[in-house]
There are 2 protein chains.
Amino acid sequence: MSGIQRAKSEETQRRVLEAAIRAVEAGGMEAVQIRRIAAEAGYSVGSVYKHYEDQDALIAAVDTVTLERIKTDMSNAIEGIEDPLKQLKTLARTYLEFARRHRNLWVTLFTHHLPDGRPVPDSHIQGTVDLLTYVAVPLKKLNPDLTEDLLAARTRTCFSALHGLVSISLEERFVGLPGDEMDREMMFLVERLAAK
Amino acid sequence: MSGIQRAKSEETQRRVLEAAIRAVEAGGMEAVQIRRIAAEAGYSVGSVYKHYEDQDALIAAVDTVTLERIKTDMSNAIEGIEDPLKQLKTLARTYLEFARRHRNLWVTLFTHHLPDGRPVPDSHIQGTVDLLTYVAVPLKKLNPDLTEDLLAARTRTCFSALHGLVSISLEERFVGLPGDEMDREMMFLVERLAAK
DNA sequence: CATAAAAATGAACAATGTTCACTATTTGAC
DNA sequence: GTCAAATAGTGAACATTGTTCATTTTTATG
């Protein structure tokens, strides 16, 4: 079937999204300005709207990619590690590392909110479920007798706590901790929460 | 000295800030639109700029009030409680309660970021220090032999973990937990982190 | 009362998201 | 191969919003 049109459409969508990602990386979500993005991608303003309903939808697409990248990093990080506690610690370090290296992407992921009444994209729901699963697996090994519901809750708690540590460590309002103390506290958290 | 001028100036500043707070409560920080605020407060656009450098400064002023309110709630909550563990649990519940009751204020506090290069207001630094102190005091009682530095780090960790639980519980992307499970997990977190 | 200082106003400007009538290109049927 | 329909792409025009500033109104002071 239709070859050229489909290819063109996909390339446009891809290049617009890539431009948006670069914009967020460079200047946060405020830098995702339609004219800028269009010019950067090599198209006109209207073409952006052909592929993304509006600015929020475009940023949401960036967030989807961000979630994928976090998942990739986590997956790679625990590859070859057997000990479940080491897995959890590695996941924690990887999560912090990502937030530090890609601060603007990470902040945008958690501070961009769709207008009221707009549904959260499926890709985001799925992305967070996958994230939690990375934590659930080693946690299950450490606590084999947790019920399914309790494991789900505990998984969320562990991830949330880690997320909070990372969040606050990036907040300028809170006086920063030295890097090595940060690692020590993260490991403290994981050990306390993962223990039987 | 100048009576009427000073009084007028202060009242204007107060009414503008109150209008901004109401706007955030009703519609989040996107609702802080200068024309709206000015009209709501009963002044012209220019008068808003007489008292607040720009939109970001006005929102930052709202955040200062939010921090004060959180501190007030926390202070009231632990009044009369002796047991340090109970104090920590009460603080946790109070923090979650505030975030739920004043969701838009709370979200704005943690998602509004000043443009690069703008210094964080002193009131915010002080506010977060005070918040942490509420946690530090009972934590010190439970772990009397922690060094000052370690206590500071652990305090941050406890607060951050709690903050993460609250954050994620408000994120639509993450499937929600029933209210009672939420409380159980929060208590679990506090017990694990506060224990010797 | 007269002059200076401060408070308040709102028109004007700039930046930005969004729409839509229009052009160019591609597709598919004959 | 031609042509009509469908799709991709364009950019001017509009609406909204943050911000500035010359001007007016009110207050303080000698």
Side-chain angles (χ1 to χ4, degrees), chain A residues 1-20 22-24 26-63 108 111-118, chain B residues 1-20 22-24 26-63 108 111-118:
Chain A
M1 307 191 18
S2 47
I4 291 188
Q5 273 189 349
R6 187 182 175 84
K8 271 197 165 189
S9 178
E10 282 175 1
E11 188 192 347
T12 305
Q13 179 157 4
R14 202 198 69 234
R15 280 169 54 184
V16 167
L17 179 55
E18 283 170 354
R22 284 196 301 272
V24 171
M29 61 178 168
E30 279 76 20
V32 181
Q33 298 165 2
I34 308 301
R35 286 174 181 76
R36 266 176 104 79
I37 301 301
E40 186 98 5
Y43 294 95
S44 65
V45 172
S47 283
V48 174
Y49 284 91
K50 263 283 166 57
H51 297 278
Y52 299 95
E53 193 184 340
D54 55 17
Q55 195 184 33
D56 285 313
L58 179 53
I59 297 177
V62 173
D63 289 337
T108 298
T111 63
H112 175 251
H113 293 301
L114 292 167
D116 291 337
R118 279 283 265 301
Chain B
M1 326 175 0
S2 47
I4 291 187
Q5 274 190 348
R6 187 181 177 83
K8 270 198 165 192
S9 178
E10 281 174 2
E11 187 192 348
T12 305
Q13 179 157 5
R14 202 197 70 234
R15 280 170 54 184
V16 167
L17 178 56
E18 283 171 355
R22 283 195 302 272
V24 170
M29 63 178 164
E30 280 75 19
V32 180
Q33 297 166 2
I34 308 301
R35 285 174 182 77
R36 266 176 104 77
I37 301 301
E40 186 96 6
Y43 295 94
S44 66
V45 172
S47 284
V48 174
Y49 284 91
K50 260 281 164 59
H51 297 278
Y52 298 96
E53 192 184 341
D54 56 17
Q55 194 184 35
D56 285 314
L58 179 53
I59 296 177
V62 172
D63 289 338
T108 299
T111 63
H112 175 252
H113 292 300
L114 292 168
D116 291 337
R118 280 283 265 302

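Below, chains carry the letters A, B, ... as their sequence lines are ordered, and counting in each starts from 1. In this text, all values refer to a predicted model and were calculated from it rather than measured experimentally.
- Listed pair A:T12 / D:dG9 meets the phosphate criterion, a side-chain N or O lying under 4.0 Å from OP1 or OP2.
- As a whole-Å value, the separation of A:I4 CD1 from D:dG9 P is 12 Å.
- Under the salt bridge (Lys or Arg N to Asp or Glu O under 4.0 Å) criterion, B:D56 pairs with no residue, sequence neighbours left out.
- The CZ atom of A:R6 sits 16 Å away from the C1' atom of D:dA6 (whole-angstrom rounding).
- Not counting sequence neighbours, A:E30 has no partner by the salt bridge (Lys or Arg N to Asp or Glu O under 4.0 Å) test.
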**Asked** Reading nucleotides 9-21 of chain C from the 5' end, what letters show protein touch, with B for base, S for backbone sugar-phosphate only, - for no heavy atom under 4.0 Å?
**Response** BB-B---BBBB--

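- The separation between B:Y52 atom OH and C:dA7 atom P is 14 Å, rounded to whole Å.
- The pair A:E10-A:R14 fails the salt-bridge criterion, with no side-chain N (NZ, NE, NH1 or NH2) lying under 4.0 Å from an Asp/Glu carboxylate O.
- For A:Q13, the side-chain contact (heavy atoms from CB on, under 4.5 Å) partners two or more places apart in sequence, or in a different chain, are A:H51, A:Y52.
- Every residue meeting the side-chain contact (heavy atoms from CB on, under 4.5 Å) condition with A:A19, not counting sequence neighbours, appears here in chain and number order: A:R22, A:I37, A:E40, A:A41.
- Residues passing the salt bridge (Lys or Arg N to Asp or Glu O under 4.0 Å) test with B:E11, sequence neighbours excluded: B:R15.
- A:E11 places its CD atom 13 Å from the C1' atom of D:dG9, with the value rounded to the nearest Å.
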